[in-house]
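Heads up: the structure comes next, in structure tokens.
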Amino acid sequence: MKSEGFFELVYQTVRQIPFGRVTSYGAIAEYLGTKGSARMVGWAMNASHLQPDNIPAHRVVNRNGLLTGKAHFGSPDLMQKLLENEGFVIENDKIKNFKERFWDPSKELDLD
DNA sequence: GGTGTGACCAGCT
DNA sequence: AAGCTGGCCACAC
């Protein structure tokens with residue numbers, strides 16, 4: 001196995017999020033094996049904008065479906081705009097049908 | 001190599 | 001019910 005940084009693992013997982021789906025930091029953390037450290041995922045996302053690739057960080061929200069990271073985008077409204085562009089219903093900075101749109105990598109994806 | 005930090009989560013008060 | 005605290009682990013200085 002290549003000793004890639006934890007960040008890149010998060011980026012790869014986020015890239016695998018299908019269009020029109022969202023996931024939570026904790027779900028990604030659990031998928032990567034660091035279940036207890038959802039903060040790591042969020043922190044990795046903090047550097048996502050430093051990556052050359054376009055990371056769909058807007059598809060990653062907290063456990064409550066709340067757009068916690070919207071403030072870290074170019075503009076606070078950018079994240080919501082992107083989500084709405086994908087057909088999401090945002091209400092009070094929260095995904096309305098988050099539960100239906102939730103995408104769990106641990107269930108959808110499989111460990112190589 | 002210790003300290004600080006972070007876009008979270010769950011539990012306690 | 002709502003606010004606060006601790007815990008968790010990887011990365012930067």
Side-chain angles (χ1 to χ4, degrees):
Chain A
M1 300 305 270
K2 231 163 52 163
S3 303
E4 299 191 59
F6 182 81
F7 283 24
E8 190 162 323
L9 293 176
V10 176
Y11 302 144
Q12 288 183 17
T13 306
V14 174
R15 283 196 210 113
Q16 289 166 74
I17 301 176
F19 183 90
R21 295 289 177 123
V22 286
T23 187
S24 63
Y25 303 95
I28 298 175
E30 184 180 13
Y31 174 67
L32 296 178
T34 58
K35 182 183 177 187
S37 301
R39 304 173 117 201
M40 278 278 60
V41 180
W43 195 11
M45 301 308 300
N46 186 18
S48 66
H49 70 99
L50 301 176
Q51 291 298 315
D53 301 323
N54 185 14
I55 308 297
H58 58 277
R59 293 183 188 157
V60 185
V61 294
N62 71 338
R63 203 59 175 121
N64 298 317
L66 191 67
L67 280 57
T68 52
K70 67 169 186 171
H72 284 262
F73 280 76
S75 297
D77 298 329
L78 179 61
M79 186 175 186
Q80 180 172 338
K81 199 78 186 291
L82 291 169
L83 288 170
E84 289 178 342
N85 191 15
E86 297 199 4
F88 290 99
V89 181
I90 313 299
E91 188 171 293
N92 195 9
D93 293 337
K94 184 175 64 180
I95 299 177
K96 199 162 194 234
N97 44 0
F98 166 71
K99 192 174 175 184
E100 303 174 11
R101 296 288 192 173
F102 182 69
W103 178 81
D104 192 343
S106 298
K107 294 180 180 179
E108 304 296 334
L109 288 180
D110 233 342
L111 298 173
D112 250 335

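Per chain, numbering begins at 1; letters A, B, ... match sequence-line order.
For the atom pair A/Leu67 CG and A/Leu83 CG, the distance stands at 5.5 Å (nearest 0.5 Å). Here the CE atom belonging to A/Met45 is positioned 7.5 Å from the OH atom belonging to A/Tyr11, to the nearest 0.5 angstrom.
At whole-Å resolution of the value, CG in A/Asn62 and C1' in B/dC8 are 8 Å apart. If you take CZ of A/Phe73 and C1' of B/dA7, they are 8 Å apart, rounded to a whole angstrom. Nucleotide B/dA7 holds its P atom 12 Å from the CZ atom of A/Phe7, rounded to whole Å. To the nearest angstrom, P of B/dC8 lies 13 Å from NZ of A/Lys70. What separates CH2 of A/Trp43 from P of B/dC9 is a distance of 17 Å, to the nearest Å. One atom, CG of A/Leu50, and another, P of C/dA12, lie 10 Å apart when rounded to the nearest Å. We find that CG of A/Asn64 is positioned 14 Å from C1' of B/dG11, with the value rounded to whole Å. Between the CD atom of A/Glu30 and the C1' atom of B/dC8 there is a distance of 14 Å, rounded to whole Å.
Taking both residues in full, the closest heavy atoms of A/Phe102 and A/Ala27 are given as CZ-CB, 3.9 Å, listed atom of the first, atom of the second, then distance.
When heavy atoms are screened at a 4.0 angstrom cut-off, A/Tyr25 is found touching base atoms of the nucleic acid. When heavy atoms are screened at a 4.0 angstrom cut-off, A/Ala57 is found touching base atoms of the nucleic acid. Residue contacts for A/Arg39: at a heavy-atom cut-off of 4.0 Å it reaches a base atom on one of the strands shown.
Residues A/Val14 and A/Val41 fail the side-chain proximity criterion, which asks for heavy atoms closer than 4.5 Å.
Nearest nucleotide to the side chain of A/Met45, out of B/dC9, C/dA10, B/dA7: B/dA7. When distances run from any side-chain atom of A/His72 to the nucleotides C/dA10, B/dA7, B/dC9, the shortest one goes to B/dA7.
Under a cutoff of 6.0 Å and an axis angle of 45°, A/Arg63 and A/Phe98 do not form a cation-pi pair.
Within the structure, every side-chain polar atom (N or O) of A/Ser48 is placed at least 4.0 Å from both OP1 and OP2 of B/dA7.
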